[in-house]
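Step one of this worksheet: look at the structure below.
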Amino acid sequence: MKIPCPLCGARDSREFSYLGHAGLLDRPAPDAGDAAWDDYLHNRDNPAGVTEDLWSHDYGCAAWVVVTRNTATHGILSSRLAKDGAA
Amino acid sequence: MVKLTPTDPCADLLPVEHGHAVLRAVAPTDMWLVAPYNGKAKAAAKAAQKLVGQGWPDPGQGALSDGRGLLFFGHAHALLVGVAPSKDLMKSAAVTDQSDAWAVVDLSGDAARDVLARVTPLDVRPAAFGPGQCARCDIAHMQGAIVCLAPQQFRLMVFRSMAKTLVHDVTVAMESVAALGKTA
C-alpha cells in the first residue's frame with residue numbers, strides 16, 4: 001500500500017504510523033464540558049464510505065498528514081498536511 | 001587541554017565492493033540542522049543563499065556542490081552541509097550541530113540503483129529519483145536520508161549508532177545483486 005504524502009509524494013505505507021481519526025485535530029476547549037470531552041476521547045463514527053485519518057510520516061518528512069480514504073473501496077482519495085488545519 | 005579527533009563511524013568497515021557497486025566512507029564534515037523561526041523562513045532562505053549559493057530546498061530537493069549544500073530534511077527542516085552556519089542564519093533559524101550524529105556513506109557504480117532498491121522502499125528509478133533530489137526515507141528499517149549526487153552515485157545517511165547495520169545491510173544487498181551475475 002502506498003500513502004500520498006503532500007511533501008514527499010507516494011511513499012510505502014511502512015514509512016508511516018497511524019494515530020486515528022482526523023477528528024482528533026478538533027480538540028475541545030479545556031472548559032468545554034464533560035460531554036464534549038467524552039465525545040472527543042471515546043466516540044468515533046464508523047462510516048461505510050469516506051473518512052479521514054491521521055498518519056505520521058515518521059520515516060520521511062516527519063509531518064502529520066490527514067489522509068482521506070473510502071472504507072468501502074479502500075481507495076485513498078487525497079491527503080493534506082495536518083498543520084494546514086481542517087479541509 | 002584535550003584535543004578531540006573527529007572519527008568516521010564507518011572508517012573501519014569500508015570500502016566494500018561487490019559486482020558493479022562500491023560503498024565508500026565519506027569524510028566527516030560540517031552538518032547542521034536548520035529550522036527557521038516562525039515568520040523567518042524568507043530571512044533564513046536569504047542567509048542560506050549567501051552561504052551555499054542556493055535558497056531553501058523544495059520538498060525532495062537538495063544538491064551538493066563542492067561538498068556544500070542545503071538538503072530538504074523534513075517538513076520544517078533543512079540540513080546545511082559542508083559549512084558552518086553564518087550569524088545571519090542563526091538569527092533567523094534554530095541551528096543544531098549534527099556533524100558527528102550521522103553515519104554517511106557513498107554508494108556508486110552501475111549496480112547502485114539495483115542495490116538501493118533492496119534496502120529502501122523509495123522509488124529509485126532514474127525518472128523518479130535523479131541528481132539534485134534528496135529523500136528522507138526508510139533505509140533497511142532505519143530513518144535515513146538518501147541524496148542522489150549523480151545518476152549512479154548516492155549518499156546514504158543514517159543515525160551514527162547504526163553505522164554497522166547500514167554497512168551490513170547494504171553489503172548484503174550488494175552481494176545479492178552481484179550474485180545475479182548481471183553485466184551492467
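Order of the sequence lines sets the chain letters (A, B, ...), proteins ahead of strands, with each chain counted from 1. Computed from a predicted structure; not experimentally measured.
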Pairs of donor and acceptor atoms under 3.5 Å between chain B and chain A, please, with atom names and distances.
unit_1	atom_1	unit_2	atom_2	d
B:H75	N	A:C61	O	2.8
B:R136	O	A:R11	NH1	2.8
B:R136	O	A:R11	NH2	3.4
B:C137	N	A:Y59	O	3.1
B:D138	N	A:E15	OE2	3.2
B:H141	O	A:Y59	OH	3.4
B:Q143	NE2	A:D58	O	2.8

CD1/B:I139 to CZ/B:F159 distance, rounded to the nearest 0.5 angstrom? 10.0 Å
Donor-acceptor pair between B:D106 and B:S108 side chains, under 3.5 angstrom: no
Reported CG-to-CZ distance for the pair B:L51 and B:R68, which is rounded to 0.5 angstrom: 6.5 Å
What closest approach, in Å, do B:G69 and B:V52 show between heavy atoms, and which atom pair accounts for it? N-CG1, 4.0 Å
Taking all non-hydrogen atoms of both residues, which atom of B:C134 and which atom of B:F129 are closest, and how far apart? N-CE1, 3.9 Å
Any heavy-atom pair between the side chains of B:R24 and B:L14 that's under 4.5 Å? no
How many angstroms lie between atom OG1 of B:T7 and atom CG of B:L4, to the nearest 0.5 angstrom? 10.0 Å
So what's closer than 4.5 Å to chain A heavy atoms on B:F73: side chain, backbone, both or neither? neither
Taking B:P59, B:A76, B:C137 one by one, which has the highest count of heavy-atom pairs under 4.5 Å against chain A? B:C137
